[in-house]
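The structure appears below as structure tokens.
Quick caveat, the model's predicted, so the values are computed rather than measured. So you know, we letter chains A, B, ... as the sequences are listed, proteins then strands, and number each from 1. Atom set for the values below is all heavy atoms of this structure, side chains included, hydrogens, waters and symmetry mates excluded.
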Amino acid sequence: MTSSASITKRLTLAVLLLEFVAALVLIATVFNHERHVQFTVFMTNLRASASALFGALQEADSNDANIALDTRGLSLPPRAIYSVSDSIEGVLGTQGQVPLITAAPGTFTESKVGGRAYLFYVLTGERAIDPGKPFAVIHHVRIVFGLPIGRVWHEIIEAVRFFAIATIVLLGITAWLLTWLIRRFLLPIWQLAVEADNINTDNWVFNAPASSKRFVELRPLASAIETSVLRLQHSFEKQRRFTSDAAHELKTDLAIVKSSLQLLQMKRRTVEEYEHGLSLGLNDIGRLEATVQKMLTLARLEQTPKNDAQTCDLTEAVYEAISQSQPFAEIKQVPVMHDLQVRDAIVPVGKEDAILLCSNVLVNALQHSPLHGRVDVTMALNAGSISLQVRDQGEGIKQEDQPFLFDAFYRGDESRSRKTGGTGLGLSICKAICDRSGGSISIANHPGGGAIVEITLPAVRKDHAEGRST
Amino acid sequence: MRVLVVEDELRLAANIVAGLREAGFAVDHAADGIEGFDYAEQNLFDLIVLDLMLPGRDGLSVLRAIRLRGIHTPVLILTAQEGKSSIVELLNSGADDYLAKPFDLGELIARVKALIRRSKGTSSPVLQVADLSIDTVRQTVSRGGEDIDLSPTEYRILEYLAHRPRAVVSKKELLEHLYDYDWEHHSNVVEAHVSNLRRKLTVKETEPIIETLRHRGYRLREGGEP
């Protein structure tokens with residue numbers, strides 16, 4: 001089962017998640033900061049209120065050097081509770097139920113009053129009546145002032161709530177905007193996909209949409225599609241041409257065989273006529289067989305895995321090919337001159353393929369040689385590779401044929417047509433053998449006249465070869 | 001009847017030429033498009049068998065060039081190519097028929113005969129001139145219900161004349177259409193054949209059906225006329 005994932009959803013989710021985490025951090029920071037600020041304010045307030053109370057202690061109207069608390073004109077925060085006591089007179093004034101606080105002066109203490117949390121500040125001070133006089137009385141005043149903490153928390157929570165709501169709204173807007181934006185940004189990909197979808201075996205045209213070329217990120221994709229379409233088209237066309245050419249070739253050979261036999265059938269003939277007709281027919285079948293054989297060879301070379309690790313001595317293969325083509329060379333009266341001075345020319349090609357490669361090139365050279373011409377075969381060892389050159393004295397190759405020489409069934413001109421017995425597969429087979437072993441083959445015109453075929457094959461070290469030689 | 005075979009594949013051409021000759025045609029062979037066009041241009045043929053893939057000049061181009069010259073000889077195309085589109089193109093370019101390789105030699109000959117018949121204005125394989133009946137398939141001749149035994153050359157002369165009854169056919173035309181270039185021939189050979197033919201066709205005291213017009217040629221009479 002395949003699950004489909006959406007980039008839009010994922011991106012949106014990722015951004016929202018990040019934003020959510022950021023919001024959480026923000027809220028935590030706000031909470032911390034707000035708590036600090038609010039508590040500082042709260043404590044200052046407590047201290048100030050306690051000081052105000054202290055200030056509200058006045059000399060009592062009586063003459064006994066007493067002090068009294070006068071809260072008139074004093075604005076204290078609501079729900080404040082306090083107690084003011086004097087070491088001499090005792091409690092001077094209270095508001096609310098102040099618990100017993102034994103904390104040191106100048107400190108804050110938390111305590112519950114009637115189920116509510118309060119923070120108390122303890123203030124002590126001296127109040128002197130008639131200071132500087134001998135009868136001065138010094139009152140040690142202790143003020144415990146408390147305010148409910150709940151108010152502070154309320155402030156903090158209000159602030160946090162504001163940020164939380166703002167964050168949620170922001171998340172919503174971001175999600176909506178993000179979806180829209182991503183869709184917009186992904187549009188070129190859609191367009192690219194639609195264009196790519198139009199490619200098929202009848203229509204190899206791929207024009208990357210302008211939108212996809214505008215984006216740096218999409219440009220590689222668009223150009224990758226373009227080049228692979230071209231490559232695919234090339235190989236598809238090649239395949240199609242091969243199939244069509246192969247069909248053409250086989251049909252022509254079949255037409256010959258069929259018509260030869262039907263000709264015999266047209267009327268009663270003499271035994272000699274039948275014998276002659278049958279031998280012609282057998283020749284025709286032989287050629288059909290050769291064509292099929294070459295097609296199969298080509299298919300085998302192009303399909304079987306490359307790492308079959310066969311090696312052989314190229315020099316031996318050349319000698320074998322020369323001796324195989326000897327009868328043909330004699331008919332054409334073309335001597336094959338060879339200069340094979342390379343020792344241990346081990347190449348990563350199977351022996352049969354190597355002989356096939358050499359004899360195809362050799363026969364090709366002989367076919368294009370004029371009567372009494374000559375063919376030169378030379379071999380050279382270069383850095384890590386072995387090159388084999390076969391030169392004929394023929395007319396050379398035409399410029400317009402150059403790109404197609406190794407195409408299957410390509411016959412350059414009339415002289416290369418079926419009349420000369422070639423199937424047009426020889427050079428294709430050579431190329432397939434060279435390609436398979438990591439080598440190369442090329443044909444050029446020799447400055448001194450004639451064509452020269454150069455085969456380059458990688459050299460295999462002898463000790464290495466002996467281990468794997470088959 | 002004289003047929004031109006344009007085919008580069010020599011073994012196939014040899015078989016077609018041999019088959020057509022055995023079927024009573026005079027056959028010439030051209031091995032490439034350029035030679036093929038040179039032959040066809042002379043307008044001596046009753047039919048052209050044309051291969052498509054030819055060296056020098058491809059079959060389609062030869063066909064178009066022939067038609068452009070106003071030569072209306074029937075053309076039978078041989079093709080090994082696939083695809084309906086190319087067939088449509090062929091027929092639209094002036095081909096009369098086509099055969100896909102590998103074809104049947106017998107079918108090729110039958111189509112050649114049918115195309116020639118049609119181009120001469122008749123579709124029946126049996127030609128009737130007065131009481132003379134010529135079966136072009138079995139290549140037999142009878143007059144007034146009586147079979148007449150003719151040599152192949154005599155038959156060919158008679159068939160050619162019968163395709164154009166009442167028209168004067170010159171000796172030169174007969175030579176051109178009944179012999180290919182491979183034959184050594186002289187006009188008195190034709191005269192000898194025509195005189196033999198006239199003798200054989202004169203059965204039961206009937207009038208000679210072939211007239212000789214001095215310096216003009218021969219004519220096949222259609223009953224009753226002087």
### Query
Where does B:Leu78 contact chain A at under 4.5 Å (heavy atoms): side chain, backbone, both or neither?
neither
### Contact class of A:Ser260 relative to chain B, heavy atoms under 4.5 angstrom
both
### Query
What are the two closest heavy atoms between A:Lys258 and B:Pro102, and how far apart are they?
NZ-O, 3.3 Å
### Message
Looking only at heavy atoms and a cut-off of under 4.5 Å, which of B:Asp104, B:Ile109, B:Ile16, B:Leu108 has the most pairs with chain A?
### Response
B:Asp104
### Summary
The interface call for B:Asp51 against chain A, heavy-atom contacts under 4.5 Å, is neither
#### Entry: Qualifying residues under side-chain contact (heavy atoms from CB on, under 4.5 Å), relative to A:Tyr274, sequence neighbours excluded
A:Leu264, A:Arg269
### Residue A:Glu352 excluded, over 12 heavy atoms near CD under 6.0 Å
no
### Task
Tell me, yes or no, whether the heavy-atom count around A:Glu400 atom CD, taken from other residues, nucleotides or ligands under 6.0 Å, exceeds 12.
yes
#### Entry: More than 12 heavy atoms from other groups under 6.0 Å of NE2 on A:His234
no
### Query
What residue in B:Ala23, B:Ala100, B:Gly19 has the most heavy-atom pairs under 4.5 Å with chain A?
B:Gly19
### Query
In Å and rounded to the nearest 0.5 Å, what is the CD to CG distance from B:Glu22 to A:Leu263?
5.5 Å
### Message
Under 4.5 Å from any heavy atom of chain B, what part of A:Leu261 do you find: side chain, backbone, both or neither?
### Response
neither
### Message
Is it the case that atom CG in A:Asn198 sees more than 12 heavy atoms from other parts of the structure closer than 6.0 Å?
### Response
yes
## Note on the structure
CG (A:Asp253) and NZ (B:Lys101) are apart, to the nearest 0.5 Å, by 10.0 Å
### Message
List the residues meeting side-chain contact (heavy atoms from CB on, under 4.5 Å) with A:Glu289, not counting sequence neighbours, and say none if there are none.
### Response
none
### Summary
Closest non-hydrogen atoms of B:Ala80 and A:Thr252, given as atom of the first, atom of the second and distance, are CB-OG1, 4.3 Å
### Query
Once you round to the nearest 0.5 Å, how far does CD of A:Gln262 lie from CG of B:Asn15?
9.5 Å
